[in-house]
Amino acid sequence: MVAAVDIPPNIKGLTFDEVASRIALLGGEDAGVTLASRIYRGILQDGHRAIADIPGIAPDRRATAERLFSTGSLEMVSVNRSWDKSAKYAFRLADGNIVESVLLHHHGLWTVCVSSQAGCPLACRFCATGLMGLKRNLEAWEIVDQVVAVGRDAGIRVSDIVFMGMGEPLLNEDAVYQAATIMMATPGLQISRKRIVISTSGVVPAIHRFIEANHPWKLVFSLGAVVPEKRLKLMPIQERFGFDAFLDAVKRYERHRRGKHVTLEYVAIKNLTMGDDDIEAMRTHLTGFNLILNVIPLNPIGNDLVPPTMEEARDFTGRLRGLGFPVKVRYSGGKDQFAGCGQLGRTLLDAAGG
Ligand code: SF4
């Protein structure tokens, strides 16, 4: 009979306190903090792949640490760099599934857009990932390692995280919140809580839980469309959580933020979401609370939805100016590499003949 081998947890899925207390249990090290700091910094901040690669750790302590933690990494299978300094990364998971992450550059700062699921079950029509279906939820370390690996490859310090890659983060709450907590740790990635943004398409009960838990990160909302019947066609999640319940949750979050705005993401689709009826629906549903509307011109994903030209998108947002809330147009980085909003997974689908 072959004895079962216990694989220790991946250090990239543990908070600094969890690492320190595991080491402290063994005794002999100042409450585990000194060794924990050195290892945590070495793996998460300096990007070493193995504990053996971290300088300055005595052999006996290194052996102890290697028994306590694994340090496995995602396999980077491709990097597609864009002219605008953004890059799309594809990572193979241990089970063969592939997830994508995007590095974005803005005013000298670097953002990583991370995936929280392999695929996505929610099937938004403007999103290639939605065509893949759900493969599985990612573990916390698999989310954190996207940031570590991208930072190491690009030789940059990541300042911002957006959970806007593959998957619906609020369908993988525990791993996403654990990963976001790990990303803030000092020593470690040291990303400010204010610079971690989690985007949801409207998992209403999870939005309420987020508010009640008083999580420190920023939640933004994928509105898609604002005419309820159109939104239902574009975002099937609305069958489960109705438009009014979604908007009520958004407004509760706005009150929770005490005077700070909430961000709603709107997809501008030619001949579908850019008409007078859409503007009228915004007037009806979106006035009276503190919001910023980000208009994202559709990025093509190979279905029948048609993107507006840049001029049409500008003209549309110009017509929204009188509604009484700020409107921004958000052009996606890396579109030439299918790294724009809604495009993750497109290359994988093409490769699979989908
Ligand atoms: S937009 Fe987000 S929630 Fe919708 S299918 Fe794509 S990944 Fe899933």
Side-chain angles (χ1 to χ4, degrees), residues 88-91 93 97-102 104 112-138 142-143 146 161-173 175-176 179 197-207 210 218-226 230-243 245-246 249-250 263-269 272-273 293-305 307 330 332-335 338-350 352 354:
K88 184 176 75 173
Y89 290 79
F91 296 101
L93 310 176
N97 282 309
I98 294 196
V99 295
E100 294 180 334
S101 321
V102 182
L104 297 157
V112 178
C113 174
V114 292
S115 292
S116 54
Q117 297 181 306
C120 180
L122 294 186
C124 301
R125 282 196 64 222
F126 45 76
C127 173
T129 308
L131 298 172
M132 298 171 65
L134 175 68
K135 310 295 182 193
R136 70 167 170 88
N137 280 344
L138 298 193
E142 293 171 319
I143 301 172
Q146 295 170 51
I161 300 293
V162 290
F163 284 82
M164 296 184 183
M166 291 176 158
E168 162 55 58
L170 295 197
L171 290 180
N172 188 14
E173 288 166 89
V176 163
V197 173
I198 299 171
S199 175
T200 180
S201 58
V203 185
V204 169
I207 296 169
F210 187 96
K218 184 174 167 193
L219 205 52
V220 303
F221 303 92
S222 179
L223 181 63
V226 75
K230 291 187 189 182
R231 186 171 190 271
L232 181 61
K233 283 195 181 135
L234 286 173
M235 302 180 71
I237 188 175
Q238 194 172 296
E239 277 170 32
R240 271 175 76 193
F241 308 113
F243 185 79
F246 170 57
V250 173
T263 302
L264 302 181
E265 316 268 12
Y266 187 87
V267 187
I269 306 171
L272 189 59
T273 62
L293 191 72
N294 276 349
V295 175
I296 305 171
L298 175 78
N299 293 311
I301 59 164
N303 61 10
D304 58 344
L305 299 180
R330 229 188 72 201
S332 306
K335 276 194 289 192
F338 293 127
C341 282
Q343 291 184 307
L344 295 189
R346 165 85 192 258
T347 319
L348 305 176
L349 288 167
D350 286 352

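Values below: all heavy atoms of this structure, side chains included; hydrogens, waters and symmetry mates excluded. When a ligand or atom number is given, it counts from 1 through the structure's own listing order.
- Checked by atom type, the side-chain pair Glu168/Thr200 shows a donor-acceptor distance below 3.5 Å.
- In this structure, Arg231 is positioned above the aromatic face of Phe246, its NZ or CZ under 6.0 Å from the six-membered ring centre and within 45° of the axis.
- Considering only non-hydrogen protein atoms, atom 8 (Fe) of ligand 1 sits nearest to Cys120 SG, 2.3 Å.
- Short contacts between ligand 1 and Ala123, defined as distances under 4.0 Å to a heavy atom of the residue, involve ligand atoms 5 (S).
- In this structure, of Ser116, Gly167, Gly224, the residue bringing a heavy atom nearest to atom 2 (Fe) of ligand 1 is Gly167.
- The CE atom of Met235 sits 4.5 Å away from atom CZ of Phe126, with the distance rounded to the nearest 0.5 Å.
- Using a 4.0 Å cut-off to heavy atoms of Gly130, the atoms of ligand 1 that qualify are 5 (S).
- Checked against Gln117 for a side-chain contact (heavy atoms from CB on, under 4.5 Å), the options Leu122, Asn137, Val99 give a single hit: Asn137.
- Ranking protein heavy atoms by distance to atom 6 (Fe) of ligand 1, first place goes to Cys127 SG, 2.3 Å.
- In summary, Cys124 places an N/O/S atom under 2.8 Å from atom 4 (Fe) of ligand 1, meeting the contact criterion.
- The 12-atom threshold is not exceeded at CZ of Arg240, counting heavy atoms of other residues, nucleotides or ligands nearer than 6.0 Å.
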